[in-house]
There are 2 protein chains.
Amino acid sequence: MSEQAAPSPQLSRGEFGLLILGLLGRREMYGYEIVAELRRSSEGAIDLPEGTVYPALRRLERDGLIGGHWVDVVGGAPRRRYYRLTEQGERALAAGREDWLRFKSAADAVLGS
Amino acid sequence: MSEQAAPSPQLSRGEFGLLILGLLGRREMYGYEIVAELRRSSEGAIDLPEGTVYPALRRLERDGLIGGHWVDVVGGAPRRRYYRLTEQGERALAAGREDWLRFKSAADAVLGS
DNA sequence: GGCGACTACCTAGCGACTCTAGGTACTCAG
DNA sequence: CTGAGTACCTAGAGTCGCTAGGTAGTCGCC
């Protein structure tokens, strides 16, 4: 290992980034859609403002975990930037899922629910 | 409202603080012990450095969620600062547990585990 | 023709948190 | 006398989340 710095030694950092990766693991999506889809598929429990999501998408792209491309929409609607996982992003998602499972049961043990 | 700022609109902020509250909900503990106990009861999954825990304890005390008192130890060992939950801390822990449950199932839905 | 609502993107800057990397001070074993 | 253990602490850097704006176009409504 150590071909690259581990991004989440402790989870907690980049947690929302992981959720975005989770969504993009299902299908290609654009920022505005991610905000809505996150709210919908979490039944309102996770409601990230745009000012959180757009910078997160830029970080994920900067770090090579996702790739984006512009798509023009017919009918004068604003163009969209669609993102999909890169191969590195797939691996990060898989690792992140494991981290999440570990963290979840650890936190459950501590919180005693 | 605004008798006091809501501390966790989205979880994620003060998550480790919540874990500390969870431990202190079981019994009085001191900082150094919390580090070890967190590592032990999470089976190594959560391993916070002292530089994270001590400032977190100070914040929690500053915010009135925990109260600390010094205890001298016989035998020349360093004195310890034991912390226990205040009433406000108990309430915060209960609310935090609910937040955690909501966040957990939301994240599970998104990550699809 | 003007107003609000919606889609879709973006950024600067504040505040908050985590962690690194030290430091203090004392005890005990070898 | 060196190292390991206990137990506390802090400054500073880096990162992240969110507020609060802004741009720009379309659409429906009165």
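Every chain is numbered from 1 and lettered A, B, ... according to where its sequence line falls, protein lines coming before strand lines. Since we're looking at a predicted model, the values are computed, not measured.
In this structure, B/Tyr30 does not reach the D/dC8 phosphate: none of its side-chain N or O atoms is under 4.0 Å from OP1 or OP2. Of the side-chain N and O atoms in A/Arg59, one or more sit less than 4.0 angstrom from OP1 or OP2 of D/dG17.
Going from atom CG of A/Leu60 over to atom P of D/dG17 covers 10 Å, rounded to whole Å. Atom OH of B/Tyr54 is separated from atom P of D/dC9 by 7 Å (rounded to the nearest Å). Taking atom OH of residue B/Tyr82 and atom C1' of nucleotide D/dT6, one finds them 12 Å apart after rounding to whole Å. Protein atom CD of B/Glu33 is 16 Å distant from nucleotide atom C1' of D/dG5, rounded to whole Å. In this structure, B/Arg80 places its CZ atom 17 Å from P of C/dC26, rounding to the nearest Å. In this structure, CG of A/Asp72 is placed 15 Å from C1' of D/dT26, rounded to the nearest angstrom. Nucleotide C/dC10 holds its C1' atom 12 Å from the CG atom of A/Leu57, rounded to whole Å. Following rounding to the nearest Å, B/Tyr83 (OH) and D/dA7 (C1') show an atom-to-atom distance of 12 Å.
Between B/Ala56 and A/Arg81, the one whose closest nucleotide on DNA chain C sits nearer the 5' end is A/Arg81. Along DNA chain C, the nucleotide nearest A/Pro78 and the nucleotide nearest A/Arg58 are compared for position; the residue whose nucleotide lies closer to the 5' end is A/Pro78.
Judged by distance alone with a 3.5 Å cut-off, a donor-acceptor contact links the side chain of B/Glu50 to the base of D/dC8.
Ring-plane geometry between B/Phe103 and A/Phe16 is classed as tilted, the angle between the planes lying from 30 to 60 degrees on a 0 to 90 degree scale.
B/Glu61 has no carboxylate O lying under 4.0 Å from a charged side-chain N of B/Arg58, or vice versa, which leaves the two without a salt bridge.
In A/Glu90, the CD atom is crowded: over 12 heavy atoms of neighbouring residues, nucleotides or ligands sit closer than 6.0 Å.
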